[in-house]
2 protein chains.
Amino acid sequence: MVTVYDVANRAGVSIATVSRALNDRSRISAETRRRVIEIAHELGYEPNDVARSLVGKSTQTIALLLPDITNPYFPELVKGVQTITDQRGHLLLLCHNADDEEKALQDLVTLRRKQVDGVILVAGALSGERFAEAAAGLPVVVMDREIALPHTALVAVDHRDGARKATEYLLSLGHRRIAHVTGPPQLSVTAARRAGWEDALRAAGFPPDERLIVPGNFLEDGGWTAGRELLAREIDFSAVFTANDLTAIGLLAMFTEHGIPVPQQVSVVGFDGIHLAAYTSPTLTTVAQPIFALGQRAADLLLDQLEAAEAETAEPPSPTVHLLDTTLVVRDSTARPGSAEVAHD
Amino acid sequence: MVTVYDVANRAGVSIATVSRALNDRSRISAETRRRVIEIAHELGYEPNDVARSLVGKSTQTIALLLPDITNPYFPELVKGVQTITDQRGHLLLLCHNADDEEKALQDLVTLRRKQVDGVILVAGALSGERFAEAAAGLPVVVMDREIALPHTALVAVDHRDGARKATEYLLSLGHRRIAHVTGPPQLSVTAARRAGWEDALRAAGFPPDERLIVPGNFLEDGGWTAGRELLAREIDFSAVFTANDLTAIGLLAMFTEHGIPVPQQVSVVGFDGIHLAAYTSPTLTTVAQPIFALGQRAADLLLDQLEAAEAETAEPPSPTVHLLDTTLVVRDSTARPGSAEVAHD
DNA sequence: CTGAAAGCGCTTACAG
DNA sequence: CTGAAAGCGCTTACAG
């Protein structure tokens, strides 16, 4: 490995000069810089960033903690984050925690030891107190958590409002018996989306019926099972609002397999707006989150925060809440109840 | 920030002793260790891993370079990799390159400066020579590339063989006019999968018809467009083998929209075996790769290689090729040609 | 078992 | 504009 010493020796200058020539920092003669750079190149010199980090205090690395990259929502989010980190010269560490609080907490201490500059935390199931302790001293941007923690920016979508819009749309179509397949019980977004469904129902004068609520798990198999459960209960329903798109996809598969035509017999609305929702059969009506933009925003906020800290502005930027808008995307999985025509044959 | 000096002062020992107590390295008295550990805990001491890396030569970090996390194949792969890195105490950096060779090359130099211990490279479109130069001195495991580079392990699936199996299955069902939607032209797997399709056709005595080949892009929209193109050509075909599952999903959506029943009028087979393939309508017959296991294997190989290097065994482990098996998963998107019965209504 | 010293590869005041 | 020195926070021979 060739170091600044090698370059300095060969160039007949001090290592300080080499450092200056390479980093464009302080004043240095054009000629010296040129020679140093040339020699560095000749020697195949490559700076050692860990040494640089040790003195410079920054690793130019941030981490993204999320529950499960396998849900198509997250890759899109990761991509949003990554476009920004690439653009602003940072590297991205990825950590999975499968909604396991212990694992997330443990990752946080590992990351701090690694001296990451900051963390984006998709805080599905984390409890506030323990998290606040584990993240102490680490710049953090939280995603999808209802309540922002002290000194922590939050970026999210208004899940409750989105769920309300979905349900209102079904109501506007004439549906009265609207079932809901929930997400995993421990997640805050599960509660928010369910609350939005209830809001719309109540506002329309139809108090939510407990029997229309079926548990899901944000995965296809949960949607499948929920559909079976719904049929087994032998209750009346003409529409289903599922807590996310993957659940809707499982539900659609189950309905197809049981010969229940969507949307003729039952309408289905999802949540998230993953790319795949445009390619199901029928295509899926859903509450679309600006997933990519959420990722970008979170990364930008974190990096802004780091720059502000470095610039030592008077005060650290006050924690802010960034709520992006959802959009109801209407496709072919929804129709007026009891519509007789069959679409695809 | 509290350092070893603070702990040493408070404990009345040298920093060397603190280091020993905390790292369980050489001999140290049980009592001293206990006290040091206790004090470190009291003080809230957390080791600085970048300092440790600077002397220790290892960052306990590896990187995964891939084209596009948004294709569901990759999250599954990432998860496989991550289970191993978690288990073996490494952190994972993620880098996207959108099959852009320049970006990948640039990431490689950034990563080397960062002193990552090694790299897993999904080498879709990278050319051998430039890559070999950029990766010089960096332990690498390559995925999905046909030819292994010197001193580089390769883990992959036999794409050509998998494609052959898919096509042979369609032939065994009685199909004769089997179309193929390809992947992006620059990828080696695109060529391999197409070659497997041709192999099977030739072996069965049906020389591949150029008009049955339609370009795709590994995404849903490419499958959709390819389907339209296929219909526009007004040629005879009773089955389609698509280069990957996402393409098949797009094709399925297109067929559904145009009232073409699958598998009654045309059978469809995908490639990859992503989770979603079990939830399409109809469910998708596909050549399943052991995606999770591929990720695990790649990570294990890389980490084994690093350990071997550290243990300074006589020779570096010779580059090896690890081919995992594909499985043809038969679902509802395939049937004998011209089968009259309609499945779901 | 323990400490003093050197060193990992850099950057950054401090002088000149 | 340039160099000598200190220091970032640790680990690891080398002595004792």
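Chain letters run A, B, ... following the sequence lines, proteins first, then strands; residues in each count from 1. What you see is a predicted model; the values in this text were computed from it and never measured.
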Which nucleotide in [options] has an atom nearest any side-chain atom of [X]:
X: B:Arg52; options: C:dC10, C:dT2, D:dC10; value: D:dC10
X: A:Arg20; options: C:dC10, C:dA13, C:dT2; value: C:dA13
X: A:Asn48; options: D:dG3, C:dC10, D:dT12; value: C:dC10

With a non-hydrogen cut-off below 4.0 angstrom, is [X] in contact with a base, only sugar-phosphate, or nothing?
X: A:Ser53; value: nothing
X: B:Val18; value: nothing
X: A:Val50; value: nothing

Contacts of A:Val13 and A:Tyr5 projected onto DNA chain D by closest heavy atom; the upstream (5') one is A:Val13
The answer to which of B:Val55 and A:Ser14 contacts DNA chain D further toward the 5' end, by nearest nucleotide, is A:Ser14
Distance check: side-chain N/O of [X] vs OP1/OP2 of [N], anything under 4.0 Å?
X: A:Asn23; N: C:dT11; value: yes
X: A:Ser29; N: D:dC1; value: no
X: A:Thr32; N: D:dT2; value: yes
X: B:Ser19; N: D:dC10; value: no

Identify the nucleotide, in any strand shown, that forms a Watson-Crick or G-U wobble pair with D:dA4, with both distances under 3.5 Å; if there is none, say none.
none
Counterpart base for C:dA13, defined by Watson-Crick or G-U wobble contacts under 3.5 Å
none
Using whole Å, report how far CG of A:Leu54 lies from C1' of D:dG7.
9 Å
